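Only one structure is covered here, and it is reproduced in the block below.
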Amino acid sequence: MSIVKSLLSRRAFTALAGAAVIATAMPVTSFAADVTIPIIVKDTTSFYWQIVLAGARKAGKDLGVNVPELGAQAESDINGQISILENAVAGKPAAIVISPTEFKALGKPIDEAAKSVPIIGIDSGADSKAFKSFLTTDNVQGGRIAADGLAAAIKEMTGKEEGEIVILTNLPGVGSLEQRREGFLDQIKTKHPGLKVIADKYGDGQATTGLNMMTDLITANPNLVGVFASNLILAQGVGQAIAENKLGDKIKVIGFDSDDKTVGFLKDGAIAGLVVQDPYRMGYDGIKTALAVSKGEKVPENVDTGANLVTKANMSDPKIDALLNPKIK
């Protein structure tokens with residue numbers, strides 16, 4: 001299976017995802033079918049963003065809203081997302097839901113867009129105060145959860161919370177990723193001081209880069225016991241490196257987000273845990289909130305959509321299974 005792209009799940013689902021149940025159970029208000037609210041994600045090809053789009057699509061059906069699904073082909077295409085945002089504004093929609101690709105670069109474009117249309121943010125922030133509402137995981141807390149999970153996995157393996165670890169971040173300057181990094185490093189320093197961070201590296205948005213980075217780290221650091229790969233793309237690459245070198249019992253990996261590939265690594269032991277968000281809820285509630293704002297209704301300024309640590313031990317729990325197997329069709 002290629003690690004360059006996230007693959008869409010082809011599983012047959014027998015129940016709605018827990019996030020979908022939560023979202024659709026919320027009261028909805030009918031609205032004119034000609035209302036358009038585009039959703040702009042970072043990367044339309046990845047599994048994570050496909051789940052976000054599925055939630056938005058379901059909200060559009062429930063609310064009678066037209067929801068164009070927009071986004072670039074890679075999270076690194078910052079200029080592409082800016083152009084998509086500008087084109088969406090030109091269409092004069094009722095509101096726009098967006099997950100900014102890069103904190104600073106999207107600040108001014110969002111400020112400009114907000115002069116014409118209400119903007120709802122999801123997942124990642126931008127250097128802008130123009131968002132009418134912002135729905136996201138508490139990514140600092142997500143980083144802390146990852147640190148605790150990694151410490152626990154290392155202790156289970158070695159009997160102590162000690163050893164050399166690394167953190168790998170997919171791209172520099174991405175709000176959500178920087179917050180995860182911040183939370184992880186702070187938690188390691190304050191709660192798990194026996195773990196020493198010997199490398200703090202950035203990738204370029206490609207899973208193959210994560211594979212190569214991890215392979216080099218394995219070679220250069222024979223005492224390495226733990227890794228935090230802070231998004232799905234890097235978790236794919238790191239998991240592949242661990243699997244290929246058969247090091248799951250010597251190096252513990254905590255990833256962020258999930259797809260078939262990373263869940264497979266979790267089952268096989270190449271990955272010890274995954275911090276899983278609720279992207280379906282982000283998409284669904286993002287559209288629902290945007291519709292409310294377009295009607296002049298008051299909405300929360302910030303909404304924490306939650307995160308959970310998934311391990312081999314708890315992955316069959318109904319709540320966790322619903323997050324791992326969302327309904328994307």
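Note that the structure is a prediction, hence the values are computed from the model and not measured. When reading the values below, keep in mind they use all heavy atoms of this one structure, side chains included, and skip hydrogens, waters and symmetry mates.
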For the residue pair Asp257 / Gln277, report whether a side-chain donor-acceptor contact shorter than 3.5 Å exists. yes

Quick check: closest heavy atoms across Ala229 and Val238, and the distance to 0.1 Å? CB-CG2, 4.1 Å

Pick from Asn302, Ile120, Ile98: which one makes a side chain to side chain contact (heavy atoms under 4.5 Å, CB included) with Phe131? Ile98

Would you indicate whether the side-chain heavy atoms of Asn66 and Val35 approach each other to under 4.5 Å? no

Ignoring hydrogens and geometry, is there a side-chain-to-backbone donor-acceptor pair from Arg180 to Ser230 under 3.5 Å? yes

Can any side-chain N or O of Asn314 pair as donor or acceptor with the backbone N or O of Val310 at less than 3.5 Å? no

In terms of hydrophobic clustering (I, L, V, M, F, W, Y; side-chain heavy atoms under 4.5 Å; direct or indirect links), are Leu309 and Phe256 co-clustered? yes

Side chains of Gln187 and Asp148, donor plus acceptor under 3.5 Å: yes

Are side-chain N/O atoms of Ser124 and Lys42 paired as donor and acceptor at under 3.5 Å? yes

Mind checking whether Met214 and Val227 have side chains closer than 4.5 Å, heavy atoms only? yes

So the ring pair (Phe, Tyr, Trp, His ring centres under 6.0 Å) pairs with at least one residue in residues 96-127 (sequence neighbours excluded) are none

Minimum-distance pair of heavy atoms, taken over all atoms of Ala241 and Thr215: CB-OG1, 3.9 Å

Ignoring hydrogens and angles, state whether a donor on the side chain of Gln81 or Thr101 is under 3.5 Å from an acceptor on the partner side chain. yes

Does a donor on one side chain and an acceptor on the other come within less than 3.5 Å for Asp204 and Thr209? yes

Do Lys312 side-chain atoms and Lys267 backbone N/O form a donor-acceptor pair below 3.5 Å? yes

Have Tyr48 and Asn231 got a donor and an acceptor in their side chains that come within less than 3.5 Å? no

May I ask you to decide whether Asp62 forms a salt bridge with Lys58, counting only side-chain N to carboxylate O separations under 4.0 Å? yes

So, Asp259 versus Gln236: side-chain donor-acceptor pair below 3.5 Å or not? yes

Between Glu161 and Gly194, is there a donor-acceptor pair closer than 3.5 Å when you use the side chain of the first and the backbone of the second? no

If we ignore hydrogens and angles and just use 3.5 Å, is the side chain of Ser116 paired with the main-chain N or O of Glu112 as donor and acceptor? no

Side chains of Val275 and Asn308 in contact at under 4.5 Å (non-hydrogen atoms): no

If the condition is salt bridge (Lys or Arg N to Asp or Glu O under 4.0 Å), which residues does Glu244 pass it with, not counting sequence neighbours? none

I'd like to know if the side chain of Thr137 pairs up with that of Asn139 as donor and acceptor (distance under 3.5 Å, no hydrogens or angles considered). no

Are Leu70 and Ile51 in one and the same hydrophobic cluster, where Ile, Leu, Val, Met, Phe, Trp and Tyr link if side-chain heavy atoms are under 4.5 Å apart? no

With a 3.5 Å distance limit and no angle check, can you tell me whether Asp304 reaches the backbone of Gly306 through a side-chain donor-acceptor pair? yes

Assess the residue pair Ile165 and Ile154 against the criterion (side-chain contact (heavy atoms from CB on, under 4.5 Å)); give the C-alpha distance rounded to whole Å, side-chain angles, the decisive distance to 0.1 Å, and a yes or no. CA-CA 10 Å; Ile165 63 173; Ile154 292 170; 3.8 Å; yes

For Asp111 versus Asp127, what's the shortest heavy-atom pair and its separation? OD2-O, 4.3 Å

Give a yes or no answer on whether the side chain of Thr305 reaches the backbone of Leu135 with a donor-acceptor pair at less than 3.5 Å. no

Checking Asp186 side chain against Glu182 main chain: does a donor-acceptor pair fall under 3.5 Å? no

Given 3.5 Å as the limit, does a donor-acceptor pair link the side chain of Asp321 with the main chain of Asp317, or not? no

Side chains of Trp49 and Glu75: does their closest heavy-atom pair fall under 4.5 Å? yes

Can you list every pair that meets ring pair (Phe, Tyr, Trp, His ring centres under 6.0 Å) and has a residue in residues 177-229, with sequence neighbours left out? Phe184-Phe228

With heavy-atom distances below 4.5 Å as the criterion, would you say the side chains of Val303 and Arg281 are in contact? yes

Could you tell me whether a side-chain N or O of Asp43 sits under 3.5 Å from a main-chain N or O of Thr45, the two making a donor and an acceptor? yes

Could you label the plane-to-plane angle of the Tyr284 and Tyr280 rings as parallel, tilted or perpendicular, counting under 30° as parallel and over 60° as perpendicular? parallel

Given side chains that start at C-beta, do those of Leu85 and Val89 come closer than 4.5 Å, heavy atoms only? yes

Within a strict 4.5 Å, meaning less than it, do heavy atoms of the Leu171 and Ser76 side chains meet? yes

Do the side chains of Ile188 and Val197 get nearer than 4.5 Å, heavy atoms only? yes

